[in-house]
Each structure stands twice: as structure tokens, then as C-alpha cells.
J.: 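My questions will all concern the structure given below.
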Amino acid sequence: MIGQDILTDLNPPQREAVTHGEGPMLVLAGAGSGKTRVLTCRVAWLVREMGVRPSEILALTFTNKAAGEMKERVQGLIGQGSALWIGTFHSIFARILRRDAELLGFDRNYTIYDTDDGERVIKNILKELPESFQALKPRQLRHKISRWKNDLRTPEDVRSGGGNPADIRIADIYERYERALRANNAMDFDDLIIRPAELFRKAPEVLERYRRKFRHILIDEFQDTNRAQYNLVRMLTGDPANLCVVGDDDQSIYGWRGAEVRNILDFEEQYPGARVVRLEQNYRSSGNILDVADAVVVRNSGRKPKKLWTEKGHGDKAVVLQCANELDEADQVVTHARRVVDELGLAWREVAVLYRTNAQSRVLEEAFNRNGVRVVIIGGLRFYERKEIKDLMAYLKVIVNPSDSTSLFRIINVPTRGIGPATLSRLNQLAVGRGEPLYHVLGEADQAEGVGHKVAGRVMELHTMFEDLRQASRSASAAAVVQELIRRTRYQESLSELDTIEAQGRLENIQELVNAAEEFSERFSGEEGVSCLEAWLAETSLIAEIDFHRADADCLTLMTLHNAKGLEFPAVFVTGVEENLLPISRAWEEDNDDALEEERRLFYVGVTRAKERVYLSWAATRRRYGDLLDSGPSMFLRDIPAELVENVVSMRSQAGSFDTYARRQAKSFGRGGRGVSPIGPQPPLFGPSRSGSGGRHPAAAAAPTPSGPTFVPDPGVDEPSYRKGERVVHGRFGSGTIQDVISSMGDIRVTVRFDSGFSKKLVPRFARLLRE
DNA sequence: ATGGGCATGCTTTTT
DNA sequence: GCATGCCCAT
Ligand SMILES: Nc1ncnc2c1ncn2[C@@H]1O[C@H](COP(=O)(O)OP(=O)(O)OP(=O)(O)O)[C@@H](O)[C@H]1O
């Protein structure tokens, strides 16, 4: 039978999806059911059996790593594949944009700005605005603007949309931001999705070209596409739409960045006549693991019901680790990781430790290091976000795109070369006066008013260097340019002279960057009209930390739950399964049930990464912002049937409850030291266990403590009731008036209108509100 | 121009 | 609690 080898390892519904002919198709299925495998095999099938040329297939994945793996596997099946367009939305459309950027008023060599660059632009804009704008935070502004862009709202839309007055002011900043990016010949991440749609509208012939080119479009992790991405795909698909999307609404975990689950839920309406394939057999996890994950996610409303089954049997129970604090938790995780590696005969690379926030990684990392276990941490401070790396990249961006003044500003005096703020402002004045980018006046620094002879000379020297490197970059490899850049800026020397441990680390990173450039240069086979350096910059701008993740070193992996999506490990630890952490407390934001549901899905994603064993750990107290936070087990743990779980209570946790008890006693009786009784009452495993946190916040420290000998704290005591119209003071937001009081899920939430004009929904228990 | 000292904000997740 | 960023003194 033809195509036999492609279909061999597929079950009947998978085959149905792989061999589906023309027209739209949705593969909607739970975790580990082989969706990604379907997509890969389908690409191979289209080429081998349907006569589709590789260059006519567009496959969109969530990460570059997933794209690489898919490419590799397809190549294995069809023996070719370099012509395939497989990549992330961002990298594919960055490429498409590069070709026709001129039609949008950008140059082909445009720079891609990351969030940090975007914030710099906003900071610059704020400098030119009156005092009343200065309280706005660049970070939040950038986030807000990004959301608007993803929702396809222009500054005009925001202004006329009848939003609150604050937003209308911010629309001005938004408009300036867009102008600034254009002046810098730069695009941010959102532009990479929005601008192609703009291009297609402006130049229908370009759209037509790509429509004809991409006869088949396939999308993985469809539940995490946003509105702009959906729109783009909609434009590109013909009629009938040869569009195959694959996803799981239960794994939608990027709502906070604009992803729309509705894209997948409404697919059948949007593409009438779409074939829907459901996969129900899970090949990854044992039964208990699936049941644990299901028990939590089943509580979500508005999901497409689905039940996975497995041939693997129940397998091991999930192990719930109750710990005293985050240090204890880390020790427990290490101990059990050792044990499971031993019991199941695993390599360290087959174990993953997951957490909700990057901040949790530090304690875990240290515990593993102490115990001689090598770990690799994904995320947190990313390689291409380190200062020394960003500096060098900024030079390269200027070489490729001289209009990029944001990058030029960044490095014009790094390492220091005597071009101080005064010089800079004069140069800038000259440039602005001429309506040119800063770079253009570097060569004539001696013409600028008030710039000394010596300094002007240095500026012109810098200009010469840029020009030389620009010249060289047309033919030389990226590696050669980087090396020459480092030599001429004396970047390494300037670091070595510092002679600190920190500088040592930075030097190593620079070496690492040179290696990366070399590796790329060897791989670079030449693209029409694109230099090696340009191609390398484009790639590095869109790289994610997870893309580096390789299975070669035998290291245990530490990463966030988000980064774990799409991966699988024999043993998985989901840590910090506590109230306020998973689900995370969002006391400072608008509350809605959607957020809680997304937390459930995050838990679901984490648990379903496990093949054989899953551990769920929680700590009774945890240090956060330097405050001690009493949290208690996550509500998710309560949803798991007892028979699926094995409970382990750490030694310190047993002793710790006594400690806590003693501390409370000491507090309420005004005595220090430990209690006398060696046997403290045990706290209930489930149920509230909170108190005011200590630390630098007087409001919290003033919380009353329970006085009786029973341990169960009285939740009413430290939660004074609030009334509408009452005046309160918040540590950060200042004073305001209570607008509304609601109680939901056992929490009291108040809406406060602060005198500064902002309204916030707050949970008084966390928000440290004081009465005025 | 550097470096120490202080203040601030941050911890939700990232292409 | 930590990291960054700003200010001022040198
Ligand atoms: N028909 C099959 N027979 C045996 N194993 C399979 C089959 N289909 C998939 N698998 C295996 O099941 C595991 C999960 O597959 P895959 O990653 O494609 O699932 P997925 O649906 O994309 O998962 P998730 O949504 O959780 O990322 C992989 O190890 C894969 O090799």
C-alpha cells in the first residue's frame, strides 16, 4: 500500500485526518493524543501522496523548536523538505514582510523590536510629554498598546471607542509610538502579524501571490492564536480553505497575551463544512495522571467536553507533597526526584520540574545544585536579553538598519567613549532639525553646535567604524562582522579591565554569542538579497529560550508551566500548587472567572506532560517580595479524588505546624520563644489557613491573631468588612473611595476609585488596605 | 565618568 | 528579597 510507512503508527481517526483531502479540517483533541504527530504526517502525506510541492505548504507552529522538530521528521518521511515553510507565525511573516516592506513604507532591512526596545521608545516619548503623563509606566503602556494592536484597534479606534479618559490620553502615546517605530524602520512583535494583513489589503496582488503559493496551511496549537493571527490566516485561505488546524481548548494558556480560544471553538461556524476529527486515545500518560488532570479541568465551563482513555492502565498514583515552606519544598522535590530516577531507571533529562512563576526557580535550582544534580533552567533572564548581548546586538542592528536610532542611542557611549548626554542632545537636535535619523549626522558631528573638537572626532570615528562594518557585512559572514565589531569597539577589553566576577560572566556570554554567530554563518546558505548578518539578526530577534532546549546534556529541566507546553517527560513535578500561586492571585487586576479557568488549564497542561509519574507539591508558607505568605493548598487539589492521590507530609511540615502555632501563641501572649508542649495540633490538610503577613507593611502587621488554643484560624477576624463610600489608603495607589463590595468564592473584593483617577478591583486580604 | 547609596518595583506567564 | 535604575558626590 502506498504511503504505508507514513500511516503505520497511526490509529484510525489519526489516519482520517492525515489523509483528508481538500477543505477545512479541525483536529480537536486532548493532551497526548497525537495531534502534533498528525500534523507532521499530514505534511508528508500531502507531498508524497497528493502531489503537493513542499514549497506550497505552510505549517505554523508555536515555537521554533517545534518547527525544527517537525521539519526534521517530515524530512525523514519524504527525504527532502528545505523548501517547506515551517515556522512560527512571527518568523514566517517576518520573512514575508521583508520581501515587500517597501509597499508599507518600511525598508527591507527593518529591525525587529522586542518588548525592551519598545519600552525604550515609550520612555523617549514620555520625555517629550508634559508632567501629567509622567506617572504612566512605560511597561504598562507598552502592554496596553500591544493589546490594542492585537485586537486590531488603531489609535483612532481607541479615541472614538468611548473608552475611559485615561485611554484616550494613552492613544496619543500609541500614535507617537507607531510613528517612532516607522521612523526607526522597526517593527515590534505585534507588527509582524498586523503589518502583513495591512500589506495584503494595500497590495491585493501580493495577497494573491501567497494565496496561490500556499495551497495548504496547517496550524499547530491553534487554541493559542490571537485575533490578528486568525485574521491573517483567514485572508490567506482560499475557497475551499485548505486549512488544517490542530489544538485543544483545554490547553489554551495564553489568553493574557490576547489568544482567543474562540478561534478553535468557533472554527466550524467560521469554516462551514469543516471536517472535525476527534482523537480520544492518549499515548502519553497512564490513567491516573489523566484522571488527575481531568478532575480539575472538568470544572471549567464552555469547554468542549472530551474524555481521554489509555491502554496503559492506571499506573502510579499522583504524589502530593505537603511542605513547610519553599525551601522544604525544594528539598522534597530533590529527594523524590532522586527516588523516581532510581525507581524507574530514568536519566535526569527525563525529569521536569515545573512552576507558575520564574521567581520560584531560584530555590529549586539551589537545592538541586547543593545535591549535585545538574539542571537546565528555561526562561527567566534570557540569553538575548542580557545587557552585554543586547548591546552588541544593538550595534549590529545599527549596521544593518542605520535608521534604528533606539539602538544607536543605546550604545553610542557603550563602552564609554566620551559622548555624554550633552553631546548627544546636541547631535539629536541637529538630526531632528534636519528631519533625519541620528545616524545621518554622526559623520558631520563637527558641524553640530556646541560639540567640542575632540568629542566630534570621536563621534566621527564611530561613524567610520559603522560605515566600514556596513560595507563588510554585505559580503562577510555574521561571525566575521561580530568579531570585527568586538575588536574595534574594544568591548572585551573594557570588560576585562573591570576585573569582576560579573564581568567574567559577561565575557563568557560574549564568547557564546560569537559561537552562535559562527554556528549560524556555517548554516547560512545565502538567501536572495539578504546578507548573512541580516538573516542572523532576524532569527535571533525571534528566538525563544525553549528553542535552545536540547535533549543532549543529561540535565533535569526547570521551567514554567507555559514553557512545558507540547513537551513530555516520564516524571513531572508541578510545584507551588497553592492558593495564590496556582491559581495565581491576581488581586490587583480586574477579576474574572476566565482567569481562574486559564489557571486550571495551566494545571492541566502541567500534569499531562507526565508519562509515568506526577508529583504535586505545595508549601504552607512561602517568601514573596520578602514577605512571608501563608497560602495553603490549591483549590485544585481539593478537586482531585482521594483515590488518585498518595499524600506525603514532609518532616518539617509536621514540625512546622507546631512552629506556626508557637509563633501565633507568642504573638498573642506577647512572649517570645517556643511553646512548651512538644505536640502541636495539626492543621487541616484542606481549608483556609491564612494570617496577616509580617514584614515592612504596617497594615498587614496590624492584623489581629487568633487567641484560642485551637489552630483553625478565624477568617473573619482579619477581614474587616468594607462599605461603599468608605475612604481607604493603599500602599501603592494612594487614597480612594470604595465604590463597590462583592463577595465571590469566599473572598471579599472591593472596587476602589483612587483619587488619582484609576479604579481597581482589590482583595483587601492581599491588597493591604488601610482605613483613612 | 564612575561608583556608591538609595528608591523603586517586581513576580504571572512570552512570541 | 533582589535587581534595576536613578541621583549625587567624586
Ligand atoms: N498512533 C500512535 N501510536 C503510538 N504512539 C503515538 C501515536 N500517536 C502519538 N503517539 C505518541 O504520543 C505522544 C503524544 O503525541 P503528540 O505530542 O503528537 O500529542 P499532542 O496531542 O500534540 O500532545 P499535546 O497536546 O499534549 O502536546 C508522543 O510521544 C507520540 O509519539
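In the text below, chain A, chain B and the rest are named by the order of the sequence lines, each starting its count at 1.
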J.: Return the 5'-most residue of the pair A:Phe89, A:Arg356 with respect to DNA chain B, ranking by each residue's nearest nucleotide.
T.: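 That would be A:Arg356.
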J.: Any side-chain N or O of A:Asn580 less than 4.0 Å from the OP1 or OP2 oxygen of B:dT11?
T.: no
J.: The side chain of A:Asn413 lies closest to which of these nucleotides: B:dA1, B:dC10, B:dT12?
T.: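 Shortest atom-to-atom distance from the side chain points to B:dA1.
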J.: Using a strict cut-off of less than 4.0 Å between a Lys/Arg side-chain nitrogen and an Asp/Glu carboxylate oxygen, indicate whether A:Arg458 and A:Glu461 qualify as a salt bridge.
T.: no
J.: Checking all strands, does A:Asp114 fall into the base, sugar-phosphate, or nothing category for heavy-atom contacts under 4.0 angstrom?
T.: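 The answer is nothing, as A:Asp114 stays clear of every strand by at least 4.0 Å.
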J.: I want to check something: taking the side chain as every heavy atom from C-beta on, are A:Phe106 and A:Leu97 in contact at a cut-off of under 4.5 Å?
T.: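 No, every pair of side-chain atoms sits at 4.5 Å or beyond.
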J.: Nearest of B:dT2, B:dT13, B:dT14 to any side-chain atom of A:Thr416?
T.: B:dT2
J.: Just compare B:dT15, B:dT14, B:dT11 and give me whichever is closest to any side-chain atom of A:Ala359.
T.: B:dT11
J.: Could you state the atom-to-atom distance from NZ of A:Lys65 to P of B:dT15 in whole Å?
T.: 13 Å
J.: Figure out the NE2/P separation between A:His562 and B:dT12, and round it to whole Å.
T.: 12 Å
J.: Nearest whole angstrom, please: distance from the P of B:dG9 to the CG of A:Leu141.
T.: 14 Å
J.: Test of understanding: with salt bridge (Lys or Arg N to Asp or Glu O under 4.0 Å), list the residues that count as partners of A:Arg262, not counting sequence neighbours.
T.: A:Glu260, A:Asp266
J.: Taking all non-hydrogen atoms of both residues into account, name the closest pair between A:Glu598 and A:Ile253 and its distance.
T.: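 Smallest heavy-atom distance, with atoms named: OE2-O, 3.1 Å.
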J.: Return the nearest nucleotide to the side chain of A:His90; candidates are B:dT13, B:dT15, B:dT11.
T.: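 Closest of the options to the side chain of A:His90: B:dT15.
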J.: Taking only the C1' atom of each, what is the distance from B:dT11 to C:dC6 in whole angstrom?
T.: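 It comes out at 22 Å once rounded to the nearest Å.
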J.: Do A:Trp256 side-chain and B:dT12 base share a donor-acceptor contact under 3.5 Å?
T.: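 Side chain to base: no pair present.
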J.: Mind calculating the distance between CG (A:Leu60) and P (B:dT15) to the nearest angstrom?
T.: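 Atom-to-atom, A:Leu60 to B:dT15, this comes out as 16 Å.
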J.: For A:Asn563 and B:dT12, what is the distance between atoms CG and C1' respectively, to the nearest whole Å?
T.: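 Rounded to whole Å, this separation is 13 Å.
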J.: Classify A:Thr63 by what it touches in the nucleic acid, base, sugar-phosphate, or nothing, heavy-atom distance under 4.0 Å.
T.: nothing
J.: State whether the side chain of A:Thr416 and the backbone N or O of A:Gly418 hold a donor-acceptor pair below 3.5 Å, judged by distance alone.
T.: no
J.: Rounded to whole angstrom units, what separation is found between the OH atom of A:Tyr355 and the C1' atom of B:dT14?
T.: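 From A:Tyr355 OH to B:dT14 C1': 14 Å.
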J.: Rounded to whole angstroms, how far apart are NZ on A:Lys565 and P on B:dT14?
T.: 12 Å
J.: Distance between the C1' atoms of C:dG5 and B:dT12, in whole angstroms?
T.: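 23 Å, rounded to whole Å.
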J.: Tell me whether the NZ or CZ atom of A:Arg227 lies within the 45° cone about the ring axis of A:Tyr230 and under 6.0 Å from its centre.
T.: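 The answer is no, since A:Arg227 fails at least one limit relative to A:Tyr230.
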J.: What N/O pairs connect the protein and nucleotides 3-9 of chain C at under 3.5 Å? Give each pair on its own line.
T.:
unit_1 : atom_1 : unit_2   : atom_2 : d
C:dA3  : OP1    : A:Arg362 : NH2    : 3.4

J.: Looking only at non-hydrogen atoms, find the nearest pair between A:Gln223 and A:Asp248 and report the distance.
T.: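 Minimum heavy-atom contact is OE1-N, 3.0 Å.
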J.: When you check the phosphate oxygens OP1 and OP2 of B:dT11, does a side-chain N or O of A:Arg623 lie under 4.0 Å from one of them?
T.: no
J.: Does A:Thr560 place a side-chain N or O at less than 4.0 Å from the phosphate oxygens OP1/OP2 of B:dT12?
T.: no
J.: Centroid separation under 6.0 Å, is that true for the rings of A:Tyr254 and A:Phe62?
T.: yes
J.: In whole Å, what is the span from the CD atom of A:Glu119 to the P atom of B:dC10?
T.: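 Value for this atom pair: 10 Å.
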J.: On DNA chain B, compare the nucleotides closest to A:Asp190 and A:Ile419; which residue's is nearer the 5' end?
T.: A:Ile419
